[in-house]
Amino acid sequence: MGVSRAWWCRLVVGAALTSSPLAARADEEVDLYAGARLSEGLDAVDEGGTIVIRGDLDVASEPCVEVPFDVTILGELGMTPAIPGLVITGSEVTVGDAVLAGACEVEVDLGSALVSDRAALYMEGGRLTLHTATLAGGFEGVGVALSGVYATLDDVTLADMGGGTGLLIGAGRRDVTVTVTGSAFTDNAAQAMTVVGPGGNQTGAVTVNVSSSAFARNSHTAAPDLAMTRATVTVEDTTFEGNRSVPTATTPAAGSMTALDADLSLIRVTLSDYAGSAAGAVAVSSSDGTAGSFYGETVVFRGVEAALNGGYGGAVRSTRAPVTLKGVLADGVSAGAGALVYASDVPYVNLTYIKLVDAAVGADGAAVFVDGATEGVTVRGAQLCNIRSERTPNVLGVRVNDGALTLMNTSIQGNEGPESPLILVERGSLTAINNTFDQNAASALIVADDVEVTLINDIFSESPGATVFMHTGAGGTLVETRYNLFYEVAASAADGPDIASGFDASGDPLFDDLYQRADAPCDRFPMLSGPASPAWNTGHPDYPDVDDDVADIGAFGGPDFTTVDLDGDGADFFIDCDDFDAARSPTFSEIPNNGIDDDCDGASAVSEDGDGDGYTADGDPADCDDTDAARSPGLPETPYDGLDNDCDDGTPDDDLDGDGWLVFAATPDCDDADATVHPGAPEVLGDGADQDCDGADLTGGLTGGCASAESPVGLGWIGALLGALVLLTRRQS
């Protein structure tokens with residue numbers, strides 16, 4: 001019987017689309033288009049080959065795929081298509097430029113525990129490169145699970161996860177390193193990252209390096225950002241913001257990170273807006289006192305808190321693990337005990353170049369509270385300013401029980417707790433050399449109980465309600481107390497031997513004028529103003545300044561005074577108003593209208609409205625160009641003019657439909673009013689529209705694809721193919 005032309009057209013098109021979704025069968029590279037199945041690409045490519053994905057794959061019917069050999073799976077550049085979940089059993093696999101939209105049922109062996117869950121990607125052993133990948137929002141299982149894998153994750157986004165860990169890293173049977181860079185862990189309801197080192201039958205050491213990444217708004221019962229056990233973890237140039245721990249009856253919560261028997265290092269890291277019940281940001285512990293440590297360098301803690309009633313360690317809490325902090329800004333920290341650091345039964349705590357401002361202490365007090373340190377506590381080159389006691393009487397600055405406290409080149413200034421001491425040491429020793437205690441509303445500046453005390457080259461000034469030294473406990477002794485300066489204090493000593501001697505100085509220490517500014521009392525250290533000061537070159541002859549001159553009394557004198565410029569702006573830690581911001585320095589000139597105190601003089605230069613459009617550069621909202629009246633927050637955005645007319649870089653100018661493709665680009669969006677039309681979009685068969693902006697509908701030709709049954713034209717490439725087949729048949733016959 002006869003066959004209609006339309007039927008043949010549909011038959012050939014259907015065969016072309018359903019017999020294989022591959023553009024070509026190739027040994028080294030295979031292309032997959034929208035609606036294809038990843039398993040077909042794996043069947044077609046040789047080991048070590050590449051699969052290029054040019055549209056969202058069929059994840060609904062194939063949510064999980066095993067990758068059994070070495071292969072590279074990449075989305076077409078700029079597209080990030082959806083792909084299924086992956087169980088990788090190959091030894092070296094690269095996955096990139098894709099959205100992990102499927103899930104696999106997996107079991108992850110963590111040595112002492114077996115985790116059974118759904119995962120978007122799981123790999124055991126081998127090497128993995130994962131880049132420019134996103135986990136689809138709302139995922140309920142583990143995001144990426146790695147066991148004994150050497151891995152590099154670059155530009156990976158794990159967000160909006162509801163149930164499982166975002167990135168789970170476990171030990172295998174060999175030592176491995178996992179590197180995470182340029183990635184984001186945000187808005188997750190479970191831990192963003194969990195690292196578990198050797199245990200049970202998993203013997204390999206685990207090293208994790210995280211850099212240039214962001215953790216934000218994660219929430220969990222403990223450590224919403226990062227939990228690590230028996231591993232070495234280093235985090236650099238990374239921000240942590242706005243995360244919350246939600247404690248349970250059995251789980252004390254830390255606001256960001258926990259480390260058990262793990263070595264944790266934070267370098268150039270900022271943690272802001274944190275709250276935890278047991279620890280504000282970081283909690284580290286060692287099960288036996290031999291494994292685990294915490295090191296922080298150039299770290300900012302801003303707005304972090306533990307509970308004022310029962311919370312320990314506003315920024316850092318340590319149990320049996322040593323703590324080293326170097327170059328730390330703590331601004332707005334609080335806790336019941338240890339607003340900056342609470343440490344118990346540790347080998348040591350070393351704090352160098354610490355600036356703590358605006359802190360609150362609660363039930364057990366102290367900005368730094370160390371309860372047991374076998375090798376002692378050192379606070380050097382620090383500034384403790386504007387600490388407030390929410391419970392009185394209490395300790396404001398430093399409290400050490402059962403340990404040796406060494407305090408050097410430190411300023412403790414502008415703190416308030418009228419019934420509270422600044423320093424309390426019980427059962428141990430106190431060595432305070434070249435420090436300044438100024439303008440403190442406290443009951444006593446130093447209280448020692450059963451302690452050996454050495455006080456040399458210290459300034460005690462402008463604290464009229466405070467006794468400088470109170471000695472309690474029959475076992476304590478004064479080793480040496482000489483060459484100190486006393487000015488406007490209630491008394492030099494009480495409840496014990498007098499610390500004053502004939503070698504001491506008196507009178508106004510005459511600090512630098514900028515330090516005396518009432519509007520920013522914590523900006524500066526109290527540096528001596530010059531030779532007119534009674535503390536200038538009048539210190540202990542056995543403790544000369546670094547230039548071998550006779551020592552100055554106070555925080556800027558003595559042989560151990562060294563300067564450091566943490567932000568590299570030319571002003572050292574002691575004179576810079578913010579040594580954690582390279583845009584501010586006393587060596588800079590003030591820039592008008594930028595809203596920044598560039599030169600550290602306490603004010604930002606402001607000029608008038610330069611272009612007369614009603615907005616200034618440092619206003620709220622700010623004029624983004626105060627020289628051009630055609631650009632201001634009060635103007636509408638003009639499409640396609642290449643200018644930010646309304647001073648809002650979030651308002652589209654060249655992408656009105658928000659599909660990520662620009663009109664004026666090397667590969668332009670051909671319809672900026674329709675988000676479903678753009679280069680790389682899935683083409684809809686025979687609808688007469690050009691969804692992928694290639695100039696043609698999928699059926700071929702600029703004039704369309706297959707004609708209807710009633711139309712004698714429009715066969716396009718399919719008609720030509722049929723004609724060639726008929727001609728060939730006639731010639732053969």
Side-chain angles (χ1 to χ4, degrees), residues 109-115 148 168-177 191 193-208 221-223 225-235 245 247 250-254 256-266 276-296 306 310-313 315-325 335 337-338 341-351 364 368-378 399-405 426-428:
D109 186 355
L110 298 178
S112 57
L114 189 66
V115 176
L168 175 60
I169 301 171
R173 301 179 187 273
R174 60 173 181 167
D175 297 350
V176 296
T177 298
Q191 282 171 343
M193 186 184 303
T194 302
V195 182
V196 181
N201 61 352
Q202 304 298 319
T203 57
V206 176
T207 300
V208 177
T221 55
D225 292 326
L226 179 55
M228 65 211 80
T229 304
R230 300 181 300 277
T232 299
V233 178
T234 301
V235 183
S245 59
T250 58
T251 306
S256 177
M257 293 173 248
T258 59
L260 172 62
D261 293 335
D263 295 318
L264 171 62
S265 298
L266 305 181
S277 61
V282 180
V284 296
S285 61
S286 173
S287 57
D288 60 6
T290 62
S293 63
F294 177 62
Y295 176 82
Y312 291 80
V316 178
R317 174 176 180 169
S318 176
T319 304
R320 294 181 293 277
V323 175
T324 301
L325 296 179
V341 174
Y342 174 83
S344 60
D345 301 322
V346 296
Y348 58 83
V349 173
N350 290 334
L351 309 177
D364 294 306
V368 176
F369 187 165
V370 181
D371 190 5
T374 55
E375 300 174 35
V377 178
T378 299
R399 177 178 179 179
V400 176
N401 299 341
D402 297 309
L405 171 61
E426 299 178 283
R427 302 175 302 279

> Is any side-chain heavy atom of Arg173 closer than 4.5 Å to a side-chain heavy atom of Asn201?
Replying inline: yes
> Is the shortest heavy-atom distance from the side chain of Asp345 to the side chain of Thr319 under 4.5 Å?
Replying inline: no
> Okay, side chain of Asp175, backbone of Ala205: is any donor-acceptor separation there less than 3.5 Å?
Replying inline: yes
> Which atom pair, heavy atoms only, marks the closest approach of Val323 to Ser318?
Replying inline: CG2-CB, 3.5 Å
> Is any side-chain heavy atom of Tyr348 less than 4.5 Å from a side-chain heavy atom of Thr324?
Replying inline: yes
> Can you find a heavy atom in the side chain of Thr374 that is under 4.5 Å from one in the side chain of Pro347?
Replying inline: yes
> Hey, is Arg427 close enough to Asp402 for a salt bridge, meaning N to O under 4.0 Å?
Replying inline: yes
> Could you give the distance from CD (Gln191) to CG (Asp225), rounded to the nearest 0.5 Å?
Replying inline: 9.5 Å
>> Check whether Arg317 reaches the backbone of Ala306 with its side chain - one donor and one acceptor, N or O, closer than 3.5 Å.
In response: no
> Can you name the closest pair of heavy atoms from Asp263 and Ser293 and give their distance?
Replying inline: OD1-OG, 2.9 Å
> Which pair of heavy atoms, one from Ala335 and one from Gly338, lies closest together, and at what distance?
Replying inline: CB-O, 3.7 Å
>> Test your reading of the model: is there a side-chain donor-acceptor pair from Arg399 to the backbone of Asp371, 3.5 Å cut-off?
In response: no
> Looking at side-chain heavy atoms only, is the closest gap between Val235 and Leu226 below 4.5 Å?
Replying inline: yes
> Quick check: does any side chain N or O of Arg230 sit under 3.5 Å from a backbone N or O of Pro198, one acting as donor and the other as acceptor?
Replying inline: yes
>> Ignoring hydrogens, what is the shortest heavy-atom contact between Ala231 and Val195? Give both atom names and the distance.
In response: CB-CG1, 3.6 Å
>> Please check: side-chain N/O of Asn401 versus main-chain N/O of Gly372, any donor-acceptor pairing under 3.5 Å?
In response: no
> What is the minimum heavy-atom distance between Val346 and Ala321, and which atoms define it?
Replying inline: CG1-O, 3.3 Å
>> Checking the side chain of Ser256 only, and the main-chain atoms of Val282 only, is there a donor and an acceptor separated by less than 3.5 Å?
In response: no
> Rounded to the nearest 0.5 Å, how far apart are CD of Glu426 and CG of Leu405?
Replying inline: 12.5 Å
>> Quick check on side chain to side chain contact (heavy atoms under 4.5 Å, CB included): which of Thr378, Val368, Val370 does Leu351 satisfy it with?
In response: Val368
> Looking at side-chain heavy atoms only, is the closest gap between Met257 and Leu266 below 4.5 Å?
Replying inline: yes
>> Show the nearest heavy-atom pair for residues Val206 and Gly197, with the distance to one decimal.
In response: CG2-CA, 4.0 Å
> Stepwise, does the side chain to side chain contact (heavy atoms under 4.5 Å, CB included) test hold for Leu325 with Phe294?
Replying inline: CA-CA 8 Å; Leu325 296 179; Phe294 177 62; 3.5 Å; yes
